[in-house]
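Since the structure comes first, as structure tokens, the remarks are kept for the end.
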Amino acid sequence: MRKYAQWILISAVALLFVSQSWATVQVVDAEGTLYSVDVVPAPGGHSLKATALRYSRLSLNGAQRDGVIAPTQDASADRDPILVLATGAPRPILIWSRADGQFDQLAYARYDGSGWTQPTLLTNTPHDHLRPQAGVDASGTGYVVWVETGGSASVMLATFDPQTGN
């Protein structure tokens with residue numbers, strides 16, 4: 001088990017260095033619903049460089065819901081999204097890098113059936129937190145790995161509750 005955990009951590013760290021800011025991320029839940037999130041120019045942004053996260057939810061019956069997750073107005077607002085399905089949770093969670101005015105922090109939201117919950121910050125330090133990778137183990141513990149810039153540019157690891165973001 002320890003060898004498997006080390007392999008997972010090494011894989012997650014390797015993925016940190018592959019930028020996803022240009023890519024669409026997708027997951028399919030147990031009911032066959034497809035969730036997609038990608039980075040787009042922020043609607044009504046005060047900066048030409050402002051970005052937001054656009055989402056799409058496509059059900060098996062063909063019903064589609066699209067929207068934009070409440071954007072900020074910062075120059076490099078939202079990027080590096082990752083969608084995660086948690087054991088026992090009917091819908092995915094979303095973790096991404098979000099500018100807080102000074103630094104990029106890790107944000108969390110979950111799909112509640114009609115849209116994404118109000119984003120909350122998982123981190124809040126005077127460093128940029130970029131390129132998150134996340135997962136949930138069989139016991140329901142969430143893990144997130146990211147690059148913290150500044151100084152030695154550390155790779156950080158934390159656990160969180162996938163249901164609440166705590």
Side-chain angles (χ1 to χ4, degrees), residues 11-29 32-59 62-86 89-136 142-150 153-158 160 162-165:
S11 297
V13 169
L15 287 172
L16 287 172
F17 300 102
V18 178
S19 177
Q20 293 183 342
S21 60
W22 54 268
T24 298
V25 292
Q26 299 179 325
V27 295
V28 177
D29 69 14
T33 300
L34 173 68
Y35 297 85
S36 301
V37 175
D38 59 328
V39 179
V40 298
H46 297 298
S47 167
L48 295 176
K49 295 181 182 178
T51 58
L53 299 180
R54 179 181 60 199
Y55 71 90
S56 177
R57 178 183 181 269
L58 179 61
S59 300
Q64 185 164 340
R65 179 178 297 252
D66 299 303
V68 175
I69 295 168
T72 68
Q73 299 302 316
D74 293 328
S76 58
D78 294 324
R79 65 176 175 274
D80 300 328
I82 185 81
L83 284 167
V84 178
L85 289 173
R91 298 177 188 94
I93 60 172
L94 175 65
I95 296 175
W96 71 99
S97 292
R98 167 166 269 205
D100 71 356
Q102 275 191 304
F103 298 98
D104 288 311
Q105 303 297 332
L106 296 186
Y108 161 94
R110 69 181 163 72
Y111 198 82
D112 66 7
S114 60
W116 292 92
T117 59
Q118 182 66 33
T120 58
L121 295 180
L122 291 176
T123 59
N124 186 15
T125 67
H127 299 285
D128 286 319
H129 299 157
L130 305 171
R131 298 189 176 118
Q133 294 296 309
V136 178
Y143 295 88
V144 61
V145 180
W146 70 93
V147 174
E148 182 176 279
T149 63
S154 302
V155 173
M156 306 298 288
L157 169 69
F160 68 97
Q163 301 301 319
T164 64

Could you walk me through whether D38 and V40 pass side-chain contact (heavy atoms from CB on, under 4.5 Å), step by step?
-> CA-CA 6 Å; D38 59 328; V40 298; 4.1 Å; yes
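- Within the 4.5 Å cutoff, side-chain heavy atoms of V145 are placed close to those of V155.
- Put simply, the side chain of Y108 gets close to the backbone of P162: a donor and an acceptor are under 3.5 Å apart.
- To the nearest 0.5 Å, atoms OG1 (T123) and CZ (R98) are separated by 12.0 Å.
- In this pair, F103 and H127 present their aromatic rings tilted. The plane angle is within the 30 to 60° band.
- Of the possible donor and acceptor atoms, one in the side chain of D128 sits under 3.5 Å from a partner among the backbone N and O of D104.
- Under the salt bridge (Lys or Arg N to Asp or Glu O under 4.0 Å) criterion, R110 pairs with no residue, sequence neighbours left out.
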Candidate pair L53 and L94, rule side-chain contact (heavy atoms from CB on, under 4.5 Å), full reasoning | CA-CA 10 Å; L53 299 180; L94 175 65; 4.0 Å; yes
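- For the pair I95/F160, a side-chain contact is recorded, criterion being any heavy-atom separation below 4.5 Å from C-beta on.
- The distance from atom OG1 of T33 to atom CG of L58, rounded to the nearest 0.5 Å, is 8.0 Å.
- Between H129 and W146, the ring planes lie tilted relative to each other; the angle falls in the 30° to 60° range.
- T117 contributes atom OG1, which lies 11.5 Å from atom CZ of R91 (distance to the nearest 0.5 angstrom).
- Residues W96 and I69 have side chains in contact (heavy-atom distance under 4.5 Å, counting atoms from C-beta outward).
- When side chains are defined from C-beta on, N124 counts as touching D100, because their heavy atoms get closer than 4.5 Å.
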Show the numbers, then the answer: is there a side-chain contact (heavy atoms from CB on, under 4.5 Å) between L106 and S97?
-> CA-CA 5 Å; L106 296 186; S97 292; 4.1 Å; yes
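- Considering every non-hydrogen atom in both D78 and V39, the closest pair reads O-CG1, 3.7 Å.
- P90 places none of its side-chain heavy atoms less than 4.5 Å from the side chain of D29.
- Expressed to the nearest 0.5 Å, how far OG1 of T24 lies from OH of Y55 amounts to 15.5 Å.
- Surrounding CZ of R57 are more than 12 heavy atoms belonging to other residues, nucleotides or ligands, all under 6.0 Å away.
- Side chains of R54 and D66 form no contact here, defined as non-hydrogen atoms less than 4.5 Å apart.
- Between A134 and I82, the shortest heavy-atom distance links the atoms N-CG1, 4.2 Å.
- Summarising the geometry of L122 relative to G165, their closest heavy-atom pair is CD2-O, 2.8 Å, with the distance given to 0.1 Å.
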Walk me through it: do E148 and T125 pass the test side-chain contact (heavy atoms from CB on, under 4.5 Å)?
-> CA-CA 10 Å; E148 182 176 279; T125 67; 4.0 Å; yes
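- Side-chain contact between Q64 and S56: present, with at least one pair of heavy atoms (C-beta onward) separated by less than 4.5 Å.
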